[in-house]
Amino acid sequence: MTLSASSIVLITIVGLAGIGFYGILVSRNMIKLIIGLQLLVKGAVLAFILAGNQNGNINEAQTLALTIIVADTIVAVLGLAFAVQIRQRFGTLDIKALTTLKR
Amino acid sequence: MYWQILIGLGILASAILAIRTKRLLISAIWLAVASALTAVMIYLLGAPQIAVIELSVGAGLVTVLFVFAINIAGDEPVEIKSLIPAPLAWGLLLLAVGLAIFLMLPRLGILPVSTVDVAQGAILWDARYLDILLQIAIFFSGVLGVLGLLSSGKPKGEKEE
């Protein structure tokens with residue numbers, strides 16, 4: 001069985017999304033969580049570009065990917081700002097420290 | 001072809017290292033490597049503009065932000081176990097990946113829907129102007145986020161002990 005170029009990219013997309021999802025699930029460090037989110041969104045951007053490549057409509061895919069990259073960068077900025085503020089208020093980056101309602 | 005296999009393996013390996021590495025700074029650097037290789041793969045797929053943006057924003061700006069935040073927040077390695085048990089995490093992961101493959105695989109060999117390829121500027125400014133307005137709004141929230149990242153010390157309502 002020979003792999004076509006698009007299936008190689010597809011395997012990469014699924015792998016990136018899976019690794020990012022796993023990172024979001026298991027990590028307790030807030031900055032590690034944002035790294036997992038970044039990997040997940042990188043898979044999504046790659047998927048959009050692959051779809052445009054297969055569709056013969058790459059410019060529309062590029063436009064959508066641009067929107068995704070902008071939104072994802074701002075999400076990372078806001079998440080890092082939250083992480084810094086939480087670190088200064090709670091003294092740790094562990095998300096378990098945020099469960100202050102539970103006694 | 002072989003280039004794409006090598007780049008795909010590189011992306012996956014650096015992504016795994018970004019998740020598995022204990023130190024946050026090295027994790028951020030592996031994220032930058034994954035981003036740069038993703039930019040190369042996007043370029044090979046025939047989208048040079050997004051490749052440039054991904055390289056400069058994903059590998060450049062985001063890495064600078066991560067290093068900056070890690071400098072402020074401190075590079076504490078979190079050794080403790082995850083909140084959810086490992087079999088549940090792996091089960092959810094397999095479920096998500098299986099669903100993604102199940103949804104994507106039949107659509108791989110579809111015929112081109114439209115061969116009329118409009119220029120990117122026309123799409124961006126004519127058909128997607130709402131996206132641009134939303135991006136401007138998102139940029140302002142990003143500015144607020146940078147202010148939160150930069151402001152150190154206690155909030156105003158809290159008394160100094």
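A, B, ... follow the sequence lines: proteins, then strands. Residue 1 opens every chain. Keep in mind that this is a model prediction, so the values were computed, not measured.
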Original post:
Non-hydrogen atoms of chain B under 4.5 Å away: do they reach the side chain of A:A17, the backbone, both or neither?
Top reply: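 No part of A:A17 comes within 4.5 Å of chain B.
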
Subject >> Heavy-atom contact with chain B under 4.5 Å, split by part of A:L64 >> reply: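 Answer is side chain: those atoms of A:L64 sit under 4.5 Å from chain B.
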
Sort [X] into side chain, backbone, both or neither according to what part of it lies under 4.5 angstrom from a heavy atom of chain A.
{"X": "B:A96", "answer": "side chain"}
{"X": "B:L92", "answer": "both"}
{"X": "B:I84", "answer": "side chain"}

Subject >> Shared hydrophobic cluster for A:V70 and A:V75 (ILVMFWY, side-chain gaps under 4.5 Å) >> reply: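 Different clusters.
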
Subject >> Exam field: side chain A:K32 to backbone B:I19, donor-acceptor pair closer than 3.5 Å >> reply: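 Such a contact is found between A:K32 side chain and B:I19 backbone.
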
Is the closest side-chain heavy-atom distance between [X] and [Y] below 4.5 Å?
{"X": "B:V33", "Y": "B:L17", "value": "no"}
{"X": "B:S141", "Y": "A:I74", "value": "yes"}
{"X": "B:L44", "Y": "B:I7", "value": "yes"}
{"X": "B:F66", "Y": "B:V62", "value": "yes"}

Would you mind telling me which of [options] has the largest number of heavy-atom pairs within less than 4.5 Å of chain B?
{"options": "A:L78, A:I49, A:I95, A:V41", "answer": "A:I49"}
{"options": "A:I69, A:V77, A:I35", "answer": "A:I35"}
{"options": "A:A51, A:A83, A:G79, A:G18", "answer": "A:G18"}

Let's test your reading of the structure: which of [options] forms the most heavy-atom pairs below 4.5 Å with chain A?
{"options": "B:Q135, B:Q4, B:R20", "result": "B:Q135"}
{"options": "B:V97, B:L45, B:V143", "result": "B:L45"}
{"options": "B:L61, B:T21, B:L31, B:I16", "result": "B:L31"}

Subject >> Check against side chain to side chain contact (heavy atoms under 4.5 Å, CB included), A:L40 and A:I24 >> reply: CA-CA 9 Å; A:L40 187 59; A:I24 291 174; 3.9 Å; yes

Original post:
With sequence neighbours left out, which residue pairs that include part of residues 50-73 of chain B fulfil the side-chain hydrogen bond (donor to acceptor under 3.5 Å, both in side chains) condition?
Top reply: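 Found A:K42-B:E54, B:S35-B:E54.
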
